[in-house]
Each structure stands twice: as C-alpha cells, then as structure tokens.
Amino acid sequence: MDSLKRDLAYGVFDGDEHESAGRAVTMGLFVGSSWAVVAILAWVVSEAVASGGLDESTRGASSWVLACLAGGVLQQLWFNFRPTSRLGYGGRVAGFGITYFVALAGCAVLGQWLPAGKPLAWAGFAGLYLVILAVLTLAFTMAFRRRRAEYQDVLDRFHRDRG
C-alpha cells in the first residue's frame, strides 16, 4: 500500500519540504494544474447536466482537457513505462505519435476544432501534427545525444584519473 501511495503522490502531495524555490514552484504549478483540470471537468459535467448535454463551450473545454491528459498519459506509457522501454527510441516515438494522433483526432471531432466536410483542414491538421512531432523528436534526440556525450566525458575522466 505504501508503494501505491508513493506512486500516486510522486513526492508532490505528500507534504515533503522542497530543497529549492524552483522545485517548490514547479510542484506548485503541477498541483495547481491538477486542481485546474479537476475544476474544469467539474464545470463541464455540471454544465452538461444542467443544460442536458454538451454545448460549444463545454465541448471545446472538455476536448482540450482530454487532449492534454491524453498527451501526458501517452507520454508516460511510451517513454517511462518499463515494457515499452524495451523498444528502441524510434519505435516509442512512432507508437506515441500514432496513438496521440488518434487521441487528438477524437478530441478534434468532439471539440469541433476543424470545419466539417473540409478534408484539407484535416490534411493541414495531420501535416502540422507531423511537423511538430518531427521537430520535437529532433530536439529531444539532440538533447539526449549531448547528455550522453557529457556522461561519457565524465566517465572517461573518472577512468583516466583512477588508472
């Protein structure tokens, strides 16, 4: 049970003191964002119940919340989940890219992000998604290579100084 509590809290909700103001602010933003999502979803549900269904504003709000939540969940499943870590980075990017595109497309339909009956709008949506995915993948790949080189340099210096 303690491991479940720790897994759910991730050190955010357990009241630990933070070592730096930056860490405290970061955790504050995370907690505040979590409460904002809860509040928006409560508003969407209460509005939908009161009005007998989703209207334009509640559809839009719920679609954006679902899109953001899906992105966070899928990122964790594809990049920080032990079974998927056995895949190469390219496989994880492809898996994330495909599943998140499907989730975003569903959110786009729910929130009516694109005009109905306009295939070019959907083509633009898909193209923009692929460009953003490619740019972010390239940026993360470069950052990971730089970090790997820094670690290798530190390890090489360690071995040189010991031997």
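Model, not experiment: these values are computed from the prediction.
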Checklist entry - What is the minimum heavy-atom distance between Cys107 and Ala67, and which atoms define it? => result SG-N, 3.5 Å
Would you compute the distance between atom [atom1] of [X] and atom [atom2] of [Y] and round it to the nearest 0.5 angstrom?
| X | Y | atom1 | atom2 | value |
| --- | --- | --- | --- | --- |
| Phe101 | Leu74 | CZ | CG | 13.5 Å |
| Asp161 | Asp156 | CG | CG | 10.5 Å |
| Leu138 | Met142 | CG | CE | 5.5 Å |

Linking I/L/V/M/F/W/Y whenever any side-chain heavy atoms sit under 4.5 Å apart, do [X] and [Y] land together?
| X | Y | value |
| --- | --- | --- |
| Trp43 | Trp64 | no |
| Leu110 | Val44 | yes |
| Leu54 | Leu69 | yes |
| Val73 | Leu66 | no |
| Val38 | Val45 | no |

Item to check | Summary of salt bridge (Lys or Arg N to Asp or Glu O under 4.0 Å) pairs that have at least one residue in residues 126-150, sequence neighbours excluded | outcome: Arg147-Glu150
Item to check | Tyr100 vs Leu104 side-chain heavy atoms within contact, under 4.5 Å | outcome: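 Yes - at least one pair of side-chain heavy atoms lies under 4.5 Å apart.
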Item to check | Any Asp55 side-chain heavy atom under 4.5 Å of Thr58 side chain | outcome: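 With C-beta onward as the side chain, the pair touches.
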Side-chain donor-acceptor pairs under 3.5 Å in residues 88-97, sequence neighbours left out?
| residue | atom | partner | partner atom | Å |
| --- | --- | --- | --- | --- |
| Arg92 | NE | Leu87 | O | 3.4 |

Identify every side-chain donor-acceptor pair in residues 112-125 under 3.5 Å, counting partners at least two apart or on other chains, and give the distances.
| residue | atom | partner | partner atom | Å |
| --- | --- | --- | --- | --- |
| Gln112 | OE1 | Arg59 | NH2 | 3.1 |
| Trp113 | NE1 | Ser63 | OG | 2.9 |

Item to check | Backbone of Ala42 reached by a side-chain donor or acceptor of Ser46 within 3.5 Å | outcome: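 Yes; at least one donor-acceptor contact below 3.5 Å.
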